[in-house]
Amino acid sequence: MTNMRVTEGCGEHVPAQELVERYQARARQAISLEEKKTWLLQVADLQGGELNEASAAKATYELILDLDPFDSKVHESLHQLQNSHEAEVEADAESEENEIEMLEQLLQRPALRPTAARLLEPAYRQHQEFGKLVSVLESYLEDERDPIARLKIFREIMQIHAEELNQPPIAFLAACRAFRENPSDEPLRLELERQALASNSAEELAMVYEEAWQNTEAPEDGIFLVRRLAWLKENHLDEKTGAIALWHRVLAGNPADEQALLALERLNREREDWPELVEILELRIVQVRDLSERVEMLTELRDLYQNQIGDSDLAFGAAARAFRESPVESSLREYLEQLALEHGKVEALLGVFLDVAEDQEGNELGSFLQNEIDRIRAYCQDESQELSPEAPIEIPEEPASMAGLLCEADCDPSDAGGVAVLEKLLARRAPGHDVVLTLIPVCRKLGQVDKVIPFVESSLGKTKEREARRQLLLELINIYEQDLEQKPQAFATACRAFEENIGDEQIMTALERLARETGSLEDLAAVYQEALQASDDRQQPDLDLLRNLARLYDNDLQQPEQASKLWNRLLYCQPQDPEALMAMERLYRQGGNFTELVAVMRRMVKGEQNPERKKDLNYELATVLEEQLGLFKEAIEAYLDILADDPEDLTAAKLLNRLCNSSGNYDALLQRGSQSLQ
């Protein structure tokens with residue numbers, strides 16, 4: 001139908017839309033009601049006729065009725081327009097239904113199935129025919145080979161069964177199929193567990209995990225599946241014995257695995273399996289750094305050996321270890337003496353006291369223990385004497401603050417000679433970390449901060465509590481870097497601090513700054529590698545550490561091969577990490593690895609939320625597929641994805657037509673035509 005009309009009184013050909021605008025302007029200028037209605041009726045005639053804009057014509061008729069509600073001709077015209085529009089809608093619906101039936105028949109023909117499925121998919125989505133949509137998605141799976149694309153299809157099938165069709169068991173089965181193909185995908189595993197619990201399929205999930213465990217080739221994946229299977233048996237299947245066996249399998253690969261040790265401790269407490277519990281506690285205690293926690297665990301071991309297992313030798317050994325850890329606690333010493341008397345182990349007690357007294361030589365505790373040793377020796381010669389003293393000697397506590405030390409030393413901190421007095425006093429007392437931290441600013445004020453370094457190192461040798469050690473090491477870094485301007489020594493100290501506090505942001509910032517300032521980036525990489533290996537040994541890779549090491553090799557050391565391995569490891573743990581994807585895209589481009597580049601770009605397209613950026617990525621993807629790899633079909637799909645999001649993109653349409661004609665892929669043109677019609 002032409003979109004032109006000849007105006008009255010001249011031979012000028014004017015587009016219908018322009019005539020509408022002219023008539024609308026004249027209607028606005030009209031003074032009388034009849035003149036206004038005349039122009040508006042011509043507008044409605046053009047809109048309902050040549051322009052085929054039924055909704056616009058309806059609005060114009062309704063405007064006329066607002067001016068003259070009793071105009072019967074306008075009412076009749078409006079009624080005819082509505083009937084005509086409804087008939088067109090019904091005809092379109094019938095035509096669409098016939099087209100869908102025809103495409104459903106073509107869906108049964110293998111050669112035409114891909115094209116028919118892609119044409120049916122939007123229709124099923126529009127009409128919310130989710131059962132049929134699932135069949136289309138299943139047909140995609142038969143032809144799709146790309147793992148990322150297959151996982152995307154599986155996810156949608158799961159979502160439809162779970163949310164639209166209310167079929168949790170079927171959704172779980174779809175999740176199982178996806179998991180068998182992607183056993184290392186963490187988000188998918190979480191979804192699998194959620195679907196299993198929602199459909200009461202915990203036993204079936206255990207079977208899936210056992211199957212995946214038997215088939216896995218990567219040791220780290222196998223151990224991870226054992227962990228999840230143990231969790232499942234303990235918390236959802238009430239199979240505590242099976243869970244214990246699985247946690248022991250984890251320990252067989254890593255005897256220091258904290259998660260396994262804690263789980264076994266908990267399970268054996270519930271079962272009151274005392275021999276197994278003490279074995280686990282003995283393994284755990286070597287990893288505990290906090291002094292009070294370690295003493296508490298040794299005390300529990302002592303009681304378990306004494307009361308539950310009935311082994312006096314082991315009970316005495318645990319009590320002796322607790323006393324060695326904290327000899328100032330009189331309760332530990334008294335219990336140790338009691339066990340020695342009850343079980344005839346006085347000579348063993350003497351040996352313990354001799355060892356501890358040697359470590360405490362020169363202070364009050366050492367003197368006190370020497371008195372105890374003399375009593376024990378006298379008792380061994382004559383058992384009629386008392387072993388324990390009537391009144392234990394009070395061990396003076398260390399002064400709580402620098403003020404207490406200065407008061408005892410009777411010196412002025414502003415006097416440099418006072419430091420010498422403090423040195424003697426502190427050397428005799430073996431000060432704790434709090435006293436040393438208070439001493440540092442005093443020595444700094446006197447310009448003799450180097451004299452405090454031996455006290456810091458001495459305190460580090462005796463301090464077990466993590467936060468206290470962290471404070472001391474940070475102060476030591478500051479002394480070497482700021483006060484003494486010895487940055488290599490500051491870097492070495494920062495390495496020590498990092499090894500004890502992996503992941504501490506303040507320490508990592510200082511470590512990386514000092515590495516750059518001292519030209520020690522290779523050493524920094526080695527430190528990070530060692531820490532990362534330790535986290536791998538615990539089956540819990542530190543992702544922040546992995547990211548920092550990847551940046552180091554990528555940006556500072558310019559080692560693209562090593563950087564690629566690390567970025568890929570990060571993507572294994574976080575498949576849609578934006579920084580890792582961008583880094584891998586750049587590295588693959590630089591190395592000319594276009595096959596790997598395509599896989600990364602597809603991931604980027606999948607995770608991109610910005611429509612314009614997504615379009616740019618699809619353009620880049622299509623270019624690489626066509627020009628670098630000669631994969632015309634995949635390039636065509638990239639252009640179709642652009643047009644699916646933006647049907648008006650003329651550039652994509654032209655490139656698609658060119659590529660389809662040059663490659664002879666007319667099915668894609670058919671699909672594009674169907675999209676345009678819809």
Side-chain angles (χ1 to χ4, degrees), residues 145-152 182 184-188 217-218 220-221 503 508-509 511-513 515-516 519-533 535-536 541-610 612-632 634-635 637-638 641-642:
R145 294 295 176 264
D146 180 53
I148 297 176
R150 288 182 62 82
L151 182 56
K152 180 180 179 181
N182 303 271
S184 60
D185 189 293
E186 177 67 7
L188 176 60
E217 296 179 358
E220 60 273 13
D221 291 343
M508 288 182 73
T509 301
L511 179 64
E512 293 189 359
R513 184 189 70 253
R516 288 183 171 84
S520 305
L521 291 173
E522 290 281 359
D523 295 329
L524 176 62
V527 170
Y528 279 177
Q529 286 280 21
E530 185 177 349
L532 187 60
Q533 181 60 48
S535 71
D536 290 344
D542 189 318
L543 298 186
D544 290 335
L545 183 59
L546 181 58
R547 186 185 304 277
N548 279 11
L549 186 56
R551 289 172 179 166
L552 187 62
Y553 277 114
D554 196 355
N555 304 322
D556 297 295
L557 298 176
Q558 298 295 311
Q559 297 184 21
E561 183 177 351
Q562 189 66 19
S564 296
K565 292 178 181 178
L566 293 163
W567 285 124
N568 268 321
R569 282 191 62 189
L570 186 58
L571 285 174
Y572 178 82
C573 301
Q574 295 182 337
Q576 289 301 127
D577 186 277
E579 182 183 8
L581 287 172
M582 292 179 66
M584 291 308 301
E585 180 196 13
R586 171 174 46 78
L587 290 168
Y588 284 146
R589 282 187 189 278
Q590 293 173 355
N593 300 324
F594 296 110
T595 302
E596 294 84 352
L597 175 61
V598 164
V600 168
M601 292 182 70
R602 281 174 171 158
R603 283 197 192 185
M604 295 174 73
V605 169
K606 177 183 176 182
E608 184 58 59
Q609 300 299 319
N610 184 297
E612 291 302 319
R613 175 61 181 153
K614 183 178 181 181
K615 181 187 291 188
D616 292 343
L617 285 169
N618 267 318
Y619 269 120
E620 294 177 25
L621 178 60
T623 301
V624 173
L625 287 166
E626 179 184 0
E627 297 180 1
Q628 302 297 338
L629 299 177
L631 299 174
F632 303 122
E634 287 80 355
E637 290 177 354
D641 287 342
I642 295 172

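- For the residue pair Leu570 and Ala580, the shortest heavy atom distance occurs at CD2-CB, 4.1 Å.
- A distance of 9.5 Å separates CZ in Arg602 from CG in Asp641, rounded to the nearest 0.5 Å.
- Ion pairing of Arg551 with Glu512 is absent here, as no side-chain N (NZ or NE/NH1/NH2) approaches a carboxylate O to less than 4.0 Å.
- Two residues are said to be in side-chain contact when any heavy atoms from C-beta on lie closer than 4.5 Å; Asp146 and Glu634 fail this criterion.
- Every residue meeting the side-chain contact (heavy atoms from CB on, under 4.5 Å) condition with Val605, not counting sequence neighbours, appears here in chain and number order: Lys614, Leu617, Asn618.
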List the steps and the verdict of side chain to side chain contact (heavy atoms under 4.5 Å, CB included) for Asp544 and Met508. CA-CA 11 Å; Asp544 290 335; Met508 288 182 73; 6.0 Å; no
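- Annotation for Ala599 and Ile148: closest pair O-CD1, 3.9 Å, computed over non-hydrogen atoms.
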Going through the checks in order, is the side chain to side chain contact (heavy atoms under 4.5 Å, CB included) test met by Glu579 and Gln574? CA-CA 11 Å; Glu579 182 183 8; Gln574 295 182 337; over 6 Å; no
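- Nearest heavy-atom pair across Ala525 and Leu549 is O-CD1, 3.8 Å.
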Sequence neighbours left out, cut at 3.5 Å: what donor-acceptor pairs do the side chains of residues 559-567 make with other protein atoms?
from, atom 1, to, atom 2, distance (Å)
Ser564, OG, Pro560, O, 2.8
Trp567, NE1, Asp554, OD2, 3.1

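- From Leu625, atom CG reaches atom CZ of Phe594 across 11.5 Å, with rounding to the nearest 0.5 Å.
- Here the closest non-hydrogen pair linking Asn610 and Arg613 is OD1-N, 3.0 Å.
- With a 4.5 Å cut-off on side-chain heavy atoms, Met604 and Met582 count as touching.
- In this structure, CG on Asp556 lies 5.5 Å from CG on Leu521, to the nearest 0.5 angstrom.
- Atoms CD and CG, on Glu620 and Leu597 in that order, are 8.5 Å from each other to the nearest 0.5 Å.
- Contact record, Ala635 with Ala622: CB-O, 3.7 Å, taken as the closest heavy-atom pair.
- With hydrogens and angles ignored, the 3.5 Å screen pairs no side-chain donor or acceptor of Asn182 with any backbone N or O of Asp185.
- Without hydrogens or angle criteria, Gln576 side chain to Arg603 main chain gives a donor-acceptor distance under 3.5 Å.
- Rounding to the nearest 0.5 Å places CZ of Arg547 at 13.5 Å from CZ of Arg569.
- Remark: Leu621 CG to Glu626 CD distance equals 11.5 Å, nearest 0.5 Å.
- Residue Lys152 qualifies as open at atom NZ: its count of foreign heavy atoms under 6.0 Å is 12 or below.
- Across every non-hydrogen atom of Val600 and Met584, the tightest pair is CG2-CB, 4.1 Å.
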